[in-house]
Visitor: 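Before we start, here is the structure in question, set down as structure tokens.
Only a predicted model underlies this, so the values are computations on that prediction, with no experimental measurement involved.
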Amino acid sequence: MNKKQKKMLVRILLAAVLLIALHFIPATGWLRFSLYLIPYLIIGYDILIKALKGIKNRQIFDENFLMAIATVGAIALALYEQSGDYTEAIAVMLFYQIGEWFQSYAVGKSRRNISELMDIRPDYANIERDGKLERIDPDEVEIGSVIVVQPGEKVPIDGVVTDGSSNLNTSALTGESLPRDVKAGDEIISGCINMTGVLKIRTTKEFGESTVSKILDLVENASSRKSKSEDFISKFARVYTPAVCIAAVALAVLPPVFRMLVMGLAAGWDVWIYRALTFLVISCPCALVISIPLSFFAGIGGASNAGILVKGSNYLETLSQTKIVVFDKTGTLTKGVFEVDGIHHSEMENAKLLEYAALAESASSHPISKSLQRAYGKEIDRSRVSDIQEISGNGVIAKVDGVTVAAGNDKLMERLGIRYISCHSAGTIIHMAVDGQYAGHIVISDVVKPDAEQAIAALKTAGIQKTVMLTGDAKKVADQVGSTLGLDEVYSELLPAGKVEKVEELLKSKPEKAKLAFVGDGINDAPVLRRADIGIAMGAMGSDAAIEAADVVLMDDDPMKIAKAIKISRKCLRIVYQNIVFAIGIKLICLALGALGLANMWLAIFADVGVMVIAVLNAIRALFVKKL
């Protein structure tokens, strides 16, 4: 609870105690009025000031104006009737302020949820100078500088670890509690917390371009992108408030005039003015104006706490309507890390064949070559390799320990006139020839993520009608992944432009109100991310393209987060629609009762403050997303 909330709570308690105490003091006349004016001003002075400022600035029709007119009018009516009953006016202001305090507390709770993410903002960076650590502003650190991050400190800028090893707490970014191990040579992103060892990091970005800055900018600007529901409420309030003010004036004036001029009866001004004032209190649109933006704010806050960053409530609304999910393959459904999957038809020991392949490919930085070297598992002795000849699109020929080794695809074997055995397994096939003789082939596959199959099943459970995969890989590989994961459609051998064309086709053929989401790694798929109804960047920590192109950013590479993001959005929208129907429905019923004289100020208080408190309580539910 902040200072402002504490101060308001003191005012509420003091006004309530005074109101109860005055009930037992037998004062009359102007003394009674003066005594009751004390709790009224304690609880309502700020509302009266805001109402006067609104009138001065010609922005009259807001909830402050409605409260001021209704309560001042009720006090004036009590003075006119000499009833001495000022309780209703003070109670209206008191309960309104209770509702406002409750709403402020709810917003504060939602903000604290997002502020946990904001805690990733680093305050300083350590630079080593003359053997001592010097703290400087992260903005002053240039690319290529070496910074030192000690245990318990935040990583301030993206970079590569040059010395040391440690565990990183990435929960503020990913929502996951499991630490990540890093060592020399590993890339590291800002916003993580160093838990154990001292790390030296060579920066690869300026602070303004680092991951932490991008994420904070994304979250801070999320509220600027409003949903259709929020726009509707804003427009509704602009028309509704002046309309009910005019209706209240008409209710106060027209019936008494009609009674006098047409019916020849007493005007009954006090009755109709009281009804008009009650009508004004009932009409206050606080429940809608407060609870709808709060629902979206809470939804975005809850999602961010789960490692899902939504750029605005408009994207949350679109996500809730998603019926088709289109995936990129590499880095999205698969790890994007190639591994040796098998060795077939080898004419020598598998380990020896793998050794020849790793040494022959040792000069290449291609992912396939790296996978062969990882599978070999030993340090590469480059002195054993000579006469390396890399043939683009074919493979490599080199001498290993004086023996000629050829490693490559079908085309390389055909080029060398060597008969090879075709492989029926899905994956990249590396044919091997040693001293001109075919020696077998190695199968290398991109590994499917452990949770990918479960993620597709979760999407279908969540009501997704169609799952599609687009990839540039060979048809055999793509079909195998699609079959394993249970995808509805698979399109393979696509160039980036082909992916955009395929998404265009899917957009044209989908049902009118259904939305299409594309999930990619955010680097190669930026055009498709932008073209889809909603773009979701996956496993995008540190990817500028992902944060720029996508509407939703998942801060780790867990495909299960896609279904969770959709469930969060749908829960949030359910809450929004519940609040709209509930608030408007109760308001209309109570307005009718007020106009007919069947509702007094106490029912008006419920219609205003009670409905707002219920709607705000309902909105807070959007924060709780752990079990979705």
Visitor: Considering only NZ, NE, NH1 and NH2 on the basic side and carboxylate oxygens on the acidic side, decide whether E414 and K411 come within less than 4.0 Å.
Guide: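 Salt bridge: no.
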Visitor: I'd like to know if the side chain of S483 reaches the main chain of D479, judged simply by a donor and an acceptor atom lying under 3.5 Å from each other, with no hydrogens or angles considered.
Guide: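 No.
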Visitor: Yes or no on side chain to side chain contact (heavy atoms under 4.5 Å, CB included) for I464 and I566, after CA distance, side-chain angles and deciding distance?
Guide: CA-CA 9 Å; I464 297 300; I566 291 171; 3.8 Å; yes
Visitor: Could you go through D558 and L554, starting from their C-alpha distance and side-chain angles, then the distance that decides it, and tell me whether this counts as side chain to side chain contact (heavy atoms under 4.5 Å, CB included)?
Guide: CA-CA 8 Å; D558 182 3; L554 308 185; over 6 Å; no
Visitor: Please find the pair of heavy atoms, one from K567 and one from A462, that lie closest to each other, and give the distance.
Guide: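 Reported closest heavy-atom pair: CE-CB, 4.2 Å.
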Visitor: Got more than 12 heavy atoms from elsewhere within 6.0 Å of CD, Q321?
Guide: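 Atom CD in Q321 is crowded, with more than 12 foreign heavy atoms closer than 6.0 Å.
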Visitor: Is a donor on one side and an acceptor on the other found under 3.5 Å between the side chain of T334 and the backbone of K329?
Guide: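 Answer holds: yes.
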Visitor: Over all heavy atoms of both residues, which pair between G482 and V490 is shortest? Give the atoms and the distance, please.
Guide: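 The pair with the smallest heavy-atom distance is CA-CG2, 3.7 Å.
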Visitor: Where do Q465 and P511 come nearest, in terms of heavy atoms and distance?
Guide: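 Scanning both residues, the minimum pair turns out to be OE1-CG, 4.4 Å.
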Visitor: Just wondering, are more than 12 heavy atoms of other shown residues or ligands nearer than 6.0 Å to CD in E187?
Guide: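 Count not over threshold, so no.
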Visitor: Got a second to check how far D451's CG is from I456's CD1, nearest 0.5 Å?
Guide: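 D451 CG to I456 CD1: 11.5 Å, rounded to 0.5 Å.
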Visitor: Are the side chains of T467 and K460 in touch, meaning some heavy atoms are under 4.5 Å apart?
Guide: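 Contact flag for T467/K460 side chains = yes.
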Visitor: If you count heavy atoms of other groups shown closer than 6.0 angstrom to NZ of K323, is the number above 12?
Guide: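 Yes, the 6.0 Å shell around NZ holds more than 12 heavy atoms from other groups.
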Visitor: Can you confirm whether the side chains of Y491 and E489 place a donor and an acceptor under 3.5 Å from each other?
Guide: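 Result is yes, a qualifying pair exists.
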Visitor: Between N394 and N409, is any pair of side-chain heavy atoms under 4.5 Å apart?
Guide: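 When only atoms from C-beta onward are counted, N409 and N394 do touch, with a gap below 4.5 Å.
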Visitor: If you round to the nearest 0.5 Å, how far is CZ of F207 from CG of D158?
Guide: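 That separation rounds to 10.0 Å.
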Visitor: Using modelled atom types only, decide if a donor and an acceptor are shared between the side chain of D328 and the backbone of G520 within a distance under 3.5 Å.
Guide: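 No; judged by distance alone, with no hydrogens or angles, the pair does not exist.
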Visitor: Considering all heavy atoms of both residues, which atom of A615 and which atom of N579 are nearest to each other, and what is their separation?
Guide: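 Taking every non-hydrogen atom into account, O-ND2, 3.2 Å.
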Visitor: Whether the side chain of N194 engages the backbone of V149 through a donor-acceptor N/O pair (distance < 3.5 Å, no angle test) should be reported.
Guide: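 Yes.
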Visitor: In Å and rounded to the nearest 0.5 Å, what is the CG to CE distance from D488 to M469?
Guide: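 Between D488 CG and M469 CE, I get 12.0 Å after rounding to 0.5 Å.
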Visitor: Taking the side chain as every heavy atom from C-beta outward, state whether T204 and I143 have any pair of such atoms under 4.5 Å apart.
Guide: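 Sidechains of I143 and T204: no contact.
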Visitor: Please check this pair: side chain of K571 against backbone of F624, looking for a donor-acceptor N/O pair closer than 3.5 Å.
Guide: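 It does hold such a pair.
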Visitor: Can you confirm whether F296 sits close enough to L316 that some side-chain heavy atom of one is under 4.5 Å from a side-chain heavy atom of the other?
Guide: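 F296 reaches L316 side chain to side chain.
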Visitor: For R531, give me all partners under salt bridge (Lys or Arg N to Asp or Glu O under 4.0 Å), at least two apart in sequence or on another chain.
Guide: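 With sequence neighbours excluded, R531 shows a salt bridge (Lys or Arg N to Asp or Glu O under 4.0 Å) to E504, given in chain and number order.
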Visitor: Is there a side-chain contact between I188 and L168, using heavy atoms and a 4.5 Å cut-off?
Guide: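 Answer yes - side chains close enough.
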Visitor: Donor-acceptor pair, distance only, cut-off 3.5 Å: does the side chain of R570 make one with the backbone of S320?
Guide: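 Judged by distance alone, yes, a pair lies under 3.5 Å.
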Visitor: Any heavy-atom pair between the side chains of I147 and P156 that's under 4.5 Å?
Guide: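 Yes - at least one pair of side-chain heavy atoms lies under 4.5 Å apart.
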Visitor: Check whether any side-chain heavy atom of D387 sits under 4.5 Å from a side-chain heavy atom of I397, and report yes or no.
Guide: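 The answer is no; the side chains never approach within 4.5 Å.
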Visitor: Please check this pair: side chain of Q373 against backbone of E361, looking for a donor-acceptor N/O pair closer than 3.5 Å.
Guide: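 Indeed, once roles are kept as given, a pair shorter than 3.5 Å links the two residues.
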Visitor: Report the residues that fulfil ring pair (Phe, Tyr, Trp, His ring centres under 6.0 Å) with Y420, sequence neighbours left out, ordered by chain and then residue number.
Guide: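 Checked Y420 against ring pair (Phe, Tyr, Trp, His ring centres under 6.0 Å); matches are H431.
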Visitor: Return the CD1 to OG distance between I201 and S145, rounded to the nearest 0.5 Å.
Guide: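 That separation rounds to 12.5 Å.
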Visitor: Is the number of heavy atoms from other residues, nucleotides or ligands within 6.0 Å of NZ (K475) greater than 12?
Guide: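 Open.
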Visitor: Is the side chain of T203 donor-acceptor paired with the backbone N or O of E142 at a distance under 3.5 Å, no angle test?
Guide: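 The answer is yes, because a donor-acceptor pair under 3.5 Å joins these two groups.
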Visitor: Got a donor-acceptor contact below 3.5 angstrom from the K510 side chain to the I324 backbone?
Guide: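 Looks like no, no N/O pair under 3.5 Å.
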Visitor: With L516, which of I534, L506, V325 fulfils side-chain contact (heavy atoms from CB on, under 4.5 Å)?
Guide: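 When side-chain contact (heavy atoms from CB on, under 4.5 Å) is applied between L516 and each of I534, L506, V325, only L506 qualifies.
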Visitor: Which of these passes side-chain contact (heavy atoms from CB on, under 4.5 Å) with K399: V385, T404, V405, L359?
Guide: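 Single pass found, and it is T404.
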Visitor: Would V448 and L485 satisfy side chain to side chain contact (heavy atoms under 4.5 Å, CB included), going step by step from the backbone distance to the final call?
Guide: CA-CA 9 Å; V448 173; L485 300 180; 3.6 Å; yes
Visitor: Before you tell me yes or no, could you show the steps for D533 and F518 under side chain to side chain contact (heavy atoms under 4.5 Å, CB included), namely the whole-Å CA-CA distance, both residues' side-chain angles and the distance that decides it to 0.1 Å?
Guide: CA-CA 8 Å; D533 291 320; F518 180 82; over 6 Å; no
Visitor: Search all heavy atoms of A375 against all heavy atoms of V340 and return the closest pair with its distance.
Guide: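 Scanning both residues completely, I find the closest heavy atoms to be CB-CG2, 3.4 Å.
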Visitor: Do V519 and V326 touch side chain to side chain, with heavy atoms closer than 4.5 Å?
Guide: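 Of all side-chain heavy-atom pairs linking V326 with V519, none is under 4.5 Å.
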Visitor: Which heavy atom of A406 sits nearest to which heavy atom of L416, and what is that distance?
Guide: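 So the two residues come closest at CB-CD1, 3.6 Å.
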Visitor: For atom CZ of R621, is the number of surrounding heavy atoms from other residues, nucleotides or ligands below 6.0 Å larger than 12?
Guide: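 Yes - once you tally the heavy atoms of other residues, nucleotides and ligands closer than 6.0 Å, there are more than 12.
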Visitor: Report the distance from atom NZ of K561 to atom CD1 of I536, rounding to the nearest 0.5 Å.
Guide: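 These two atoms lie 12.5 Å from each other.
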Visitor: Nearest 0.5 Å, please: how far is CE in M413 from CD1 in I421?
Guide: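 Separation between the atoms: 12.0 Å.
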Visitor: With a 3.5 Å distance limit and no angle check, can you tell me whether D551 reaches the backbone of G535 through a side-chain donor-acceptor pair?
Guide: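 Such a contact is found between D551 side chain and G535 backbone.
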